[in-house]
Enquirer: 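Once you've had a glance at the structure underneath, I'll fire off some questions.
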2 protein chains.
Amino acid sequence: MTRSEENYIKTIFHIGRQGQEAVSTNSIAEQMETKPSSVTDMVKKLSDKNLVNYKRYQGVSLTDLGTKVALGVIRKHRLWEVFLVEKLDFSWDEVHEVAEQLEHIKSDKLIDRLDRLLNYPKYDPHGDPIPDKDGGFEERDKKLLSEVAVGEGGVCVGVKDSSASFLKFLDKNNIALGQFIQVLEMEEFDGSLVIGIGDSTRQISHQIAANLYVKIKE
Amino acid sequence: MTRSEENYIKTIFHIGRQGQEAVSTNSIAEQMETKPSSVTDMVKKLSDKNLVNYKRYQGVSLTDLGTKVALGVIRKHRLWEVFLVEKLDFSWDEVHEVAEQLEHIKSDKLIDRLDRLLNYPKYDPHGDPIPDKDGGFEERDKKLLSEVAVGEGGVCVGVKDSSASFLKFLDKNNIALGQFIQVLEMEEFDGSLVIGIGDSTRQISHQIAANLYVKIKE
DNA sequence: ACAAATTTTTAGGCAAGGCTAAGTTTGTGT
DNA sequence: ACACAAACTTAGCCTTGCCTAAAAATTTGT
Ligand SMILES: [Mn+2]
Ligand SMILES: [Mn+2]
Ligand SMILES: [Mn+2]
Ligand SMILES: [Mn+2]
């Protein structure tokens, strides 16, 4: 597996997660900031290697083998992100770029030992689940904060958008994973929310609420 | 800098260390298990980028910029080796291959933090010095065990050959860095030595002695 | 000094992974 | 039903890094 092949597989996996149908050439190209024609070339190669199912003009989906490869790369990516935060004091908005490089290092022993060093973490710094050695992972049952009813609340367990700018915004506003957030009011006009975190209350836009996952406490 | 360029620069640095003259195309090719014609191609590219001094048929040497790049890659390689041994319990014969991959990860912050995590080590698991951020490093004054006079001894501080087979041999014979080794006898016929380590004595071939560095205790 | 051996370079190609421009196929609106 | 737009593929080209075979420069041996 080349670095490029791994990146395509990973992208196809991620796009495929939301909406189960075949993944389109264009969506892959957009995600990877490359051209559709390049995607077609690569997809043929992946198909020859039995990593994806592909019929011309019909989009693409991962085979079982392809899924295994994707989960392996994602496992590495997320473990390295944990390493960077836990052991090297990176902040959660700095880790992704470096993990994009580290995820391609080839050594089973390395990744197993890293897992052990980090104490077998189940989630990465953004709240995303880390597949285990066999590709199994627990998707937490979570809800976007924007869909939580007024009066309810939950523990913040993840972000949907994990861009540096969003993460920095959260830092600046003292919103972090693990905190209990309560929806106090919802403004009909623009969907903005008044939320309670710890002792303080804050107003956040719909945009923000629609990118924060919480685990509902009934 | 591409991965390939970094590997060439590093190789030129290493060959250049023993014997100060210009490095030959053939020696680079041999070391990198590639062909001389490929070396010529790359060397031209490196010359264009001001990383090496090159005149046709005259061999090649690193510029100041090239030396800086080489030391940067070597710093990364050796720090990762320390990480693998100290934090992930790799043995010293397993680290090189993985470090060959890790040395190309691009992130200054990563390497600085790794250095800190490891407590600013000065030497790697094979006793080789780790350049600091500015490329400075302390070459220990050391001597091959094969050149130590009978009756003298010193602390084992490094290996010349760091192939897995040699390192495994040392492990099997309980020879490790940090141990005090005394040369008790030297056999004229084949250059083999009788050495004392701790309480025991052992016979080792010239081959072995010529690949072990010790720091003489006067 | 000079022919032979060795080293190094050049010429011409190949595979991977991109791109642009030009076809095909598919889906949509009327 | 069918024209047209959008999506997708193909054709042909580029760069990087590598190769083989052939040519050129340098070194060596006598
Ligand atoms: Mn990430
Ligand atoms: Mn993440
Ligand atoms: Mn090494
Ligand atoms: Mn080493």
Side-chain angles (χ1 to χ4, degrees), chain A residues 1-13 15-16 18-62 66 69-70 73 100-101 103-106, chain B residues 1-13 15-16 18-62 66 69-70 73 100-101 103-106:
Chain A
M1 296 284 315
T2 68
R3 168 168 314 223
S4 189
E5 286 170 342
E6 287 185 347
N7 282 332
Y8 274 94
I9 292 290
K10 190 179 51 147
T11 300
I12 293 167
F13 179 90
I15 299 175
Q18 51 260 41
Q20 292 302 40
E21 327 108 36
V23 171
S24 76
T25 302
N26 272 11
S27 64
I28 299 169
E30 189 182 350
Q31 184 74 31
M32 299 194 60
E33 302 185 47
T34 180
K35 301 294 167 180
S37 54
S38 305
V39 174
T40 300
D41 286 347
M42 179 57 87
V43 149
K44 283 179 188 166
K45 224 183 316 178
L46 297 176
S47 179
D48 290 345
K49 294 193 180 184
N50 217 326
L51 292 160
V52 302
N53 304 116
Y54 171 62
K55 271 201 260 78
R56 279 154 73 256
Y57 295 101
Q58 301 310 134
V60 74
S61 64
L62 292 181
V69 169
V73 176
E100 283 293 306
Q101 298 180 62
E103 72 187 4
H104 301 292
I105 301 292
K106 278 163 187 61
Chain B
M1 296 282 316
T2 68
R3 169 167 314 224
S4 189
E5 285 171 343
E6 287 186 347
N7 282 332
Y8 273 94
I9 292 290
K10 189 179 53 147
T11 300
I12 293 166
F13 179 90
I15 298 175
Q18 51 260 41
Q20 293 302 41
E21 327 108 38
V23 172
S24 76
T25 302
N26 271 12
S27 63
I28 298 169
E30 189 182 349
Q31 183 74 30
M32 299 194 60
E33 302 185 46
T34 181
K35 302 293 167 181
S37 54
S38 305
V39 174
T40 300
D41 285 348
M42 179 57 86
V43 148
K44 284 179 187 167
K45 223 183 316 177
L46 297 176
S47 179
D48 290 344
K49 295 192 179 184
N50 218 323
L51 292 160
V52 302
N53 305 116
Y54 171 63
K55 271 201 265 345
R56 279 154 75 256
Y57 295 101
Q58 301 311 133
V60 73
S61 64
L62 293 181
V69 169
V73 176
E100 284 292 307
Q101 298 179 63
E103 72 187 6
H104 300 292
I105 301 293
K106 278 162 187 61

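Only a predicted model underlies this, so the values are computations on that prediction, with no experimental measurement involved. Residue numbers begin at 1 in each chain, while the letters A, B, ... track the order of the sequences.
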Enquirer: First and last nucleotide of DNA chain C in contact with chain A, 5' to 3', at under 4.0 Å to a heavy atom: what are they?
Expert: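 Extent of the interface on DNA chain C: C/dA16 to C/dT26.
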Enquirer: Respond yes when some side-chain nitrogen or oxygen of B/Tyr8 is under 4.0 Å from OP1 or OP2 of D/dC18, and no when none is.
Expert: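 Affirmative; the distance criterion is met.
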Enquirer: Hey, does the side chain of B/Ser4 come within less than 4.0 Å of D/dT16's phosphate (OP1/OP2), counting only N and O?
Expert: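 For D/dT16, OP1/OP2 do not have a side-chain N/O of B/Ser4 under 4.0 Å.
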Enquirer: What integer distance in Å separates B/Lys49:NZ from D/dT15:C1'?
Expert: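 The answer, rounded to whole Å, is 12 Å.
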Enquirer: Return the value, rounded to whole Å, for the distance between atom CD of B/Glu5 and atom P of D/dT15.
Expert: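 Answer to the nearest Å: 16 Å.
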Enquirer: Protein-nucleotides 1-5 of chain D N/O pairs closer than 3.5 Å?
Expert:
none

Enquirer: Is the phosphate of D/dT9, meaning OP1 or OP2, less than 4.0 Å from a side-chain N or O of A/Thr25?
Expert: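 Answer is yes, contact under 4.0 Å.
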Enquirer: With a 4.5 Å limit on heavy-atom distance, are the side chains of A/Thr34 and A/Val39 in contact?
Expert: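 The answer is yes, as the side chains (C-beta and beyond) meet within the 4.5 Å cut-off.
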Enquirer: Near B/Glu30 CD, under 6.0 Å, is it more than 12 heavy atoms from other residues, nucleotides or ligands?
Expert: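 Not buried by this count: 12 neighbours or fewer within 6.0 Å.
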Enquirer: Without decimals, in angstroms, what is the distance between B/Ile28 CD1 and D/dC18 P?
Expert: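 It works out to 13 Å between those atoms.
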Enquirer: Looking at A/Thr11 and A/Asn7, would you say the former's side chain and the latter's main chain have a donor-acceptor pair under 3.5 Å?
Expert: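 Looks like yes, one N/O pair under 3.5 Å.
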Enquirer: Just how far, in rounded Å, is C1' of D/dT27 from CG of B/Asn26?
Expert: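 Interatomic distance, CG of B/Asn26 to C1' of D/dT27: 13 Å.
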Enquirer: Measure the distance from CD on A/Glu21 to P on D/dA7 and round it to the nearest whole Å.
Expert: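 Value for this atom pair: 15 Å.
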Enquirer: OP1 or OP2 of D/dG17 versus the side-chain N and O atoms of B/Lys45: is any pair under 4.0 Å?
Expert: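 So the side chain of B/Lys45 is within the cut-off, an N or O lying under 4.0 Å from OP1 or OP2 of D/dG17.
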Enquirer: Under a 4.5 Å cut-off applied to non-hydrogen side-chain atoms, are A/Val60 and A/Thr25 in contact?
Expert: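 A/Val60 does not reach A/Thr25 side chain to side chain.
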Enquirer: Once you apply a heavy-atom cut-off of 4.0 Å, does A/Lys55 come out as touching a base, just sugar-phosphate, or nothing?
Expert: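 No contact at all - A/Lys55 keeps every heavy atom at 4.0 Å or more from the nucleic acid.
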Enquirer: Could you go over nucleotides 19-25 of chain D and give all protein N or O partners under 3.5 Å, atom names and distances?
Expert:
from: D/dC19; atom 1: OP2; to: B/Thr34; atom 2: OG1; distance (Å): 2.8
from: D/dC19; atom 1: OP2; to: B/Lys35; atom 2: N; distance (Å): 3.0
from: D/dC19; atom 1: OP2; to: B/Ser38; atom 2: OG; distance (Å): 2.6
from: D/dT20; atom 1: O4; to: B/Ser37; atom 2: OG; distance (Å): 2.9
from: D/dA25; atom 1: O4'; to: B/Tyr57; atom 2: OH; distance (Å): 3.4

